[in-house]
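Single-structure report; data block below.
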Number of protein chains: 2
Amino acid sequence: MELVNYIKSHISLTDEDVLFINSHTQKEFYHKGDIIRAPHTKSQKIHYIHKGYARNFYEKNGKDITYFFLKDNSFTLPVDAVYFNAPTKYGLQAEEDLQLTSFKYSDLLLMLERIPRMAHLYELEMAKFIKQLSDKYYLIQFQSAQDRYNSMMEKYPDILLHVSLGHVASYLGITQETLSRIRTK
Amino acid sequence: MELVNYIKSHISLTDEDVLFINSHTQKEFYHKGDIIRAPHTKSQKIHYIHKGYARNFYEKNGKDITYFFLKDNSFTLPVDAVYFNAPTKYGLQAEEDLQLTSFKYSDLLLMLERIPRMAHLYELEMAKFIKQLSDKYYLIQFQSAQDRYNSMMEKYPDILLHVSLGHVASYLGITQETLSRIRTK
DNA sequence: GATATTTTTTGACCTAAATCAAAAAGTGAG
DNA sequence: CTCACTTTTTGATTTAGGTCAAAAAATATC
């Protein structure tokens with residue numbers, strides 16, 4: 001769903017609002033494997049996934065670790081860069097061909113100023129992200145590799161069809177070999 | 001620091017604003033071990049810690065697990081209850097004698113309506129929480145028990161002085177025995 | 001369509017940390 | 001001050017899952 005339609009599914013927008021939003025956001029296209037945002041940058045951009053799968057990732061001890069998978073109709077922004085003026089640890093990569101809409105945080109502020117009712121939507125998006133983080137934390141903490149995989153199968157079966165095993169393994173906090181063994185149970 | 005002073009450290013408030021805030025919030029006192037919010041309730045309350053240490057916790061397979069430690073000048077609200085109308089998994093307990101200020105989410109909305117400049121502060125508090133969660137996640141993921149303890153010693157040495165070993169162990173995602181062994185290294 | 005590259009699976013081995021159990025130390029109440 | 005209870009430490013044993021290595025399968029490239 002396009003960004004404007006997503007917003008309209010929560011609040012009503014006038015035609016002028018839509019024009020304003022369109023003039024403050026950019027549609028972008030990426031190919032599988034493309035890096036949309038590199039780690040260690042101070043990017044101020046918010047990305048809305050219109051179609052396709054992506055992932056947030058970071059590097060640790062030379063290893064590439066998946067932080068989150070993103071699917072259509074979801075947002076991602078580098079909290080450390082936007083709110084704490086630090087280079088973000090988290091990069092963004094296309095898992096497959098991807099359509100998205102991007103805008104700078106400063107443009108979000110302009111849009112919120114013009115369309116104050118959007119503020120609640122933004123608040124809700126932040127809450128969603130907190131819930132996602134909490135749920136994932138809950139999933140990992142004191143849970144066996146098998147249980148983690150089961151939970152993922154139950155909650156996000158679709159993701160498994162769109163991304164590589166290695167990405168899923170690091171997302172679940174286990175090695176690729178362990179995940180492979182679990183799958184052939 | 002009292003709530004009003006905390007807010008004043010970010011934005012200016014008129015005397016009337018202060019009165020309005022005071023009439024929409026409640027000061028509370030708890031003793032060590034008191035449960036401030038039980039898990040599995042749909043509490044709509046936000047708590048601001050004025051003085052003392054507290055912890056968020058949840059139960060899993062009969063085990064009590066610390067989710068987060070809270071110290072003075074920090075907020076906590078049950079995101080799942082407030083934003084998703086679900087019973088929250090997370091309880092809140094005093095680690096020691098505690099002074100706090102509580103208010104319902106609906107009162108926050110009233111305060112935001114009257115003092116719109118507070119909205120940015122609230123947004124920042126959500127961002128802080130996201131950062132905290134992310135950092136903790138980063139700390140746990142693929143990190144040895146020893147490394148986790150070291151990070152904690154570095155980042156929150158004060159907390160270790162105020163809470164029991166068992167609470168710290170579950171916070172770090174390790175058993176109490178392992179933590180004890182690490183400490184006597 | 002053959003070759004190169006990446007991804008996934010399989011195997012053997014090893015280690016960090018869990019589990020179970022019990023002793024020791026610390027804290028509190030009457 | 002003593003008895004009860006809680007928290008922390010120590011010990012012995014087990015195991016899930018990591019590591020290293022190489023084969024097999026899948027995918028991409030020319």
Side-chain angles (χ1 to χ4, degrees), chain A residues 30-35 52-55 57 59-66 69 93-98 136 138-153 157 159-185, chain B residues 30-35 53-55 57 59-66 69 93-97 136 138-153 157 159-185:
Chain A
Y30 290 93
H31 291 289
K32 180 174 178 171
D34 286 355
I35 301 293
Y53 285 79
R55 70 177 189 122
F57 68 97
E59 293 186 18
K60 194 169 178 182
N61 310 327
K63 291 196 175 172
D64 172 312
I65 299 174
T66 299
F69 292 111
Q93 183 180 35
E95 283 284 8
E96 53 185 18
D97 288 1
L98 204 64
K136 189 185 173 190
Y138 186 84
L139 161 68
I140 298 277
Q141 187 87 308
F142 295 112
Q143 202 86 329
S144 74
Q146 176 76 60
D147 289 345
R148 295 176 195 194
Y149 180 71
N150 292 346
S151 300
M152 175 132 195
M153 281 289 280
I159 289 177
L160 295 166
L161 305 172
H162 294 266
V163 307
S164 77
L165 258 204
H167 290 170
V168 173
S170 67
Y171 172 76
L172 294 176
I174 59 183
T175 60
Q176 185 166 295
E177 294 94 323
T178 298
L179 181 54
S180 174
R181 279 180 245 269
I182 284 170
R183 271 162 39 108
T184 58
K185 47 89 229 272
Chain B
Y30 290 92
H31 292 289
K32 180 175 178 172
D34 286 356
I35 301 293
Y53 285 80
R55 68 177 191 122
F57 67 98
E59 293 186 16
K60 194 166 178 184
N61 310 326
K63 292 195 175 172
D64 171 314
I65 298 174
T66 300
F69 291 110
Q93 183 181 33
E95 284 283 9
E96 52 186 19
D97 288 1
K136 189 185 172 187
Y138 186 84
L139 161 70
I140 298 276
Q141 187 86 308
F142 295 112
Q143 201 86 328
S144 73
Q146 177 75 60
D147 289 345
R148 294 176 195 194
Y149 180 71
N150 292 347
S151 301
M152 175 132 195
M153 281 288 280
I159 289 176
L160 295 166
L161 305 172
H162 293 267
V163 307
S164 77
L165 258 205
H167 289 171
V168 173
S170 68
Y171 172 76
L172 294 177
I174 60 182
T175 59
Q176 185 166 296
E177 294 93 324
T178 298
L179 181 54
S180 173
R181 279 181 244 268
I182 284 170
R183 271 163 37 109
T184 58
K185 73 0 328 229

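Bear in mind the structure is a predicted one, so any value in this text is a computation, not a measurement. So you know, we letter chains A, B, ... as the sequences are listed, proteins then strands, and number each from 1.
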B:Y53 and B:F69 aromatic centres sub-6.0 Å
no
Could you verify whether a donor N or O on one side chain and an acceptor N or O on the other, from A:R55 and A:Q93, lie under 3.5 Å apart? yes
- Item | Polar side chain donor-acceptor pair, A:H162 to A:E95, under 3.5 angstrom | no
Atom CG of B:L160 and atom P of D:dT8 are separated, to the nearest Å, by 11 Å
Between CG of B:D64 and P of D:dT6 the distance, given in whole Å, is 14 Å
**OP:** Would you mind classifying the nucleic acid contact of A:S164 as base, sugar-phosphate or nothing, using non-hydrogen atoms under 4.0 angstrom?
**Re:** sugar-phosphate
Interatomic distance, CZ@A:R183 vs CD@A:Q146, rounded to 0.5 Å, equals 12.5 Å
Practice prompt. Given side-chain contact (heavy atoms from CB on, under 4.5 Å), test A:Y138 with B:K60 step by step and report yes or no.
Written response: CA-CA 9 Å; A:Y138 186 84; B:K60 194 166 178 184; 3.9 Å; yes
Rounded to whole Å, the CG-P distance (B:L172 to C:dA16) equals 18 Å
In B/S/- notation (B base, S sugar-phosphate only, - none; protein heavy atoms under 4.0 Å), nucleotides 12-30 of chain D written 5' to 3' is B----SSBB----------
Here the distance between atom P of C:dT7 and atom CG of A:L179, to the nearest Å, is 15 Å
Determine whether B:E59 and B:K63 make a side-chain contact, defined as any pair of heavy atoms from C-beta on separated by less than 4.5 Å. no
